[in-house]
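Every chain is numbered from 1 and lettered A, B, ... according to where its sequence line falls, protein lines coming before strand lines.
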Amino acid sequence: MALIWNSFKMFHRMGFDGAKLTQSTYTSVIKLCANTKELEFAKQIHCQVLKNGIGFDHNISTGLMVTYSKCNEMDNASKIFSMMHDKNVVPWTAMIAGYLQNGKMDQAVNLFTQMNKEGLRPNNFTYSIILTANSIVSPFQVHAQIIKTNYDRYSSVGTALLDAFVKLGNVNEAAKVFELIDEKDIVAWSAMLAGYAQVGDTEGAVRIFRRLAAEGVKPNEFTFSSVINACAASAAAVEQGKQFHAFSIKSRLNNALCVSSALVTMYARKGNIESANEVFKRQGERDLVSWNSMISGYAQHGHGKKAHEVFREMQRNNMEMDGITFIGVITACTHTGLVDEGQQYFDIMVKDHHINPTMEHYSCLIDLYSRAGMLEKAMDIINMMPFAAGATMWRTILAACRVHRNLDLGKQAGEKLISLQPQDSAAYVLLSNMYAAAGHWQDRAEVRKLMDERNVKKEAGYSWIEVKNKTYSFLAGDRSHPLSVRIYSKLEDLSTRLRDAGYQPDTNHVLQDVDDEHKEAILSQHSERLAIAFGLLATPAGVPLQIFKNLRVCGDCHTVIKLISTIEKRDIVVRDTNRFHHFKEGLCSCGDYW
DNA sequence: CTAGGGTTAG
């Protein structure tokens, strides 16, 4: 920074001293302005150039255009652009880039078309820029045009193209483009990693990382941030992320903001909230994303108080907050049952921070009230908010109706949900579960019939556990594991000791129309129990267990796991679709509220 | 003189 100011001072002195200010002097200083967004200084230079009759060459004009673009002064940029004669591809490209950086997609695309009409050939810069306008330009179309020029073999163009495909969710197409790049630079490698991260393909990302390492390419902070992000995917092994953490330390990049924030998120999502906090505490500098990551982490783990503390600390540090900060604290309240506090955060957000609530914020509020059983309040929100309720919201209401036995509203919500997503099994399952829990077997049968008629398949519930870097997954009643016999005898053993500890199975959670004895058997073979029994057998005493589940934990399993944590003296962490449950000495971090 | 990659939520 100091050096920059020295340059500006030097430039001033040159003017006073009557030194000859050449075009190249101006060019250098304008470039400096562009890099530092020194708008006022650039304006002075603009005037001087006009006054002194210095030749208005393309370098100076383009430099000024870039500076104006970066400072959101597109009118000034466009004035200069229109005054330039015999423009080559460079100013055209700079102007297109300016429009895109200022979110003016239409103008950028118009200019690109006009440029082609005037017979000017886009170069590799132009293509890599225009491809970032993916909401307007189809990468398939641009790709066709690029192939003729062979620019897709350039790392810069290939990267922009692959990224455009990634943003369309088409990683396969992105990977094809990636392979065709002649000399893949670190930006190309990192973009490909980010692509795999976005679709949650950890193995794909790890493969790419191994390849770049084998080729002797040096990862930078973006490379690590992307690969660590890929390790936050739900199916990724916990160890995988740790390994990249270690590697980033060796490369001395672990303290880069984007890397450390990725680590906070990864550890939190993988159930290791302590490690997430360790990384957070060690961050030398923090930005909005760092703070948000920590708050969201605590929210997912149901640590409402800690999320609140981080929020307060953010306030003390006068950090700017955004909509995501508030999604974090409101969901933290949801998972802790702090209804009033959650509403207060929403009000503070609107009144004090002037943040416009989005659909997601209303979703959070609906969740907040629904989970607390305040279904009328939740419906009030739906009726007053400036959006139409989407499938997610109706699903939230329906799930709450099932828990709180509100059959009328549940029926209504279920119908809405099914009409919005006729092929999504969740709606039918929730509805039928609700009827089953209420003993309305006839209604339940009708929902099931509808499901069959429409050929909607229920997602099978399963749980998995990692032991020594290997993942073992279990379906309910699963007997496919080689240790199956021992697992079931462990379950028997547990069930005896559970009864001694006073446990009564809660057969309300069995949603089939069968007799009670059978219900107990079904409960005792829920997939999470199989995974826990296996974990107890396969790990030494005292080692904490971590279980993942693709659906929500049922109330009976929740009770059982609390007891197991006592009688087996084990800490057990269960991540369901919604949050983490930390079981320790007979209690759960959710305080039985979830 | 113009360029491409990353992070937070649900």
Charged N-O contact under 4.0 Å between A:Glu173 and A:Lys176: yes
Presence of donor-acceptor pair under 3.5 Å, side chain of A:Thr159 and base of B:dG4: yes
Sub-4.0 Å heavy-atom contacts from residues 188-207 of chain A onto DNA chain B, ordered by number: A:Ser190, A:Ala191, A:Ala194
Which residues share a side-chain contact (heavy atoms from CB on, under 4.5 Å) with A:His308, sequence neighbours left out: A:Arg312, A:Tyr345
Distance, rounded to the nearest Å, where A:Tyr154 contributes OH and B:dA3 contributes P: 17 Å
Selection from B:dT8, B:dT2, B:dG4 that lies nearest to any side-chain heavy atom of A:Ser156: B:dG4
Atom pair distance, as rounded to whole Å: CD1 in A:Ile324 and P in B:dG10: 10 Å
Contacts of type side-chain contact (heavy atoms from CB on, under 4.5 Å), residue A:Arg153, not counting sequence neighbours: A:Asn150, A:Asp182
Sugar-phosphate only, base, or nothing, as touched by A:Asn59 at under 4.0 Å among non-hydrogen atoms: base
Side-chain N,O (A:Gln300) to OP1/OP2 (B:dA9) below 4.0 Å: yes
Sugar-phosphate, base or nothing in reach of A:Ile186, heavy atoms under 4.0 Å: base
A:Arg211 and A:Glu179 ion-paired at < 4.0 Å: yes
Sugar-phosphate only, base, or nothing, as touched by A:Ser363 at under 4.0 Å among non-hydrogen atoms: nothing
Side chain to side chain donor-acceptor pair (under 3.5 Å) involving A:Gln44 - partner list, sequence neighbours excluded: none
Nucleotide nearest A:Thr132 (side chain, heavy atoms from C-beta), chosen from B:dT2, B:dG10, B:dG5: B:dG5
Distance, rounded to the nearest Å, where A:Ile30 contributes CD1 and B:dT2 contributes P: 12 Å
Touch class at under 4.0 angstrom, heavy-atom based, for A:Ile129 against every strand present: sugar-phosphate
Residues forming a ring pair (Phe, Tyr, Trp, His ring centres under 6.0 Å) with A:Tyr99, sequence neighbours excluded: none
A:Asp367 (side chain) and B:dG10 (base): donor-acceptor pair under 3.5 Å: no
Given B:dT8, B:dT2, B:dA3, the nucleotide with the shortest approach to the side chain of A:Val289: B:dT8
Selection from B:dG5, B:dT2, B:dT8 that lies nearest to any side-chain heavy atom of A:Ser293: B:dT8
A:Asn578 CG - B:dG10 P separation (whole Å): 9 Å
B:dT2 phosphate, OP1 or OP2, under 4.0 Å from A:Asn124 side-chain N/O: no
Between B:dC1 (P) and A:Met65 (CE): distance, integer Å: 14 Å
Listed partners of A:Val171 passing side-chain contact (heavy atoms from CB on, under 4.5 Å), at least two apart: A:Met192, A:Tyr196, A:Val199
Closest nucleotide among B:dT8, B:dG5, B:dA3 to the A:Thr223 side chain: B:dG5
Donor-acceptor side-chain pairing of A:Glu38 and A:Thr36 below 3.5 angstrom: no
Residue-phosphate contact under 4.0 Å: A:Ser290 side-chain N/O, B:dT8 OP1/OP2: no
Integer-rounded Å distance: B:dG10 C1' and A:Ile295 CD1: 16 Å
Which nucleotide in B:dC1, B:dT8, B:dA9 has an atom nearest any side-chain atom of A:Lys31: B:dC1
Sugar-phosphate, base or nothing in reach of A:Ser155, heavy atoms under 4.0 Å: base
A:Arg269 vs B:dA9: side-chain N/O to OP1/OP2 distance below 4.0 Å: yes
Rounded distance in Å - CE (A:Met314) to C1' (B:dT8): 10 Å
d(NE2, A:His335; C1', B:dA9) in whole Å: 12 Å
Residues A:Thr27 and A:Asn59: side-chain donor-acceptor under 3.5 angstrom: no
A:Ser225 side chain, from C-beta outward: closest of B:dG4, B:dT2, B:dT7: B:dT7
Residue A:Phe222, side-chain atoms from C-beta onward, closest of B:dA9, B:dG5, B:dT7: B:dG5
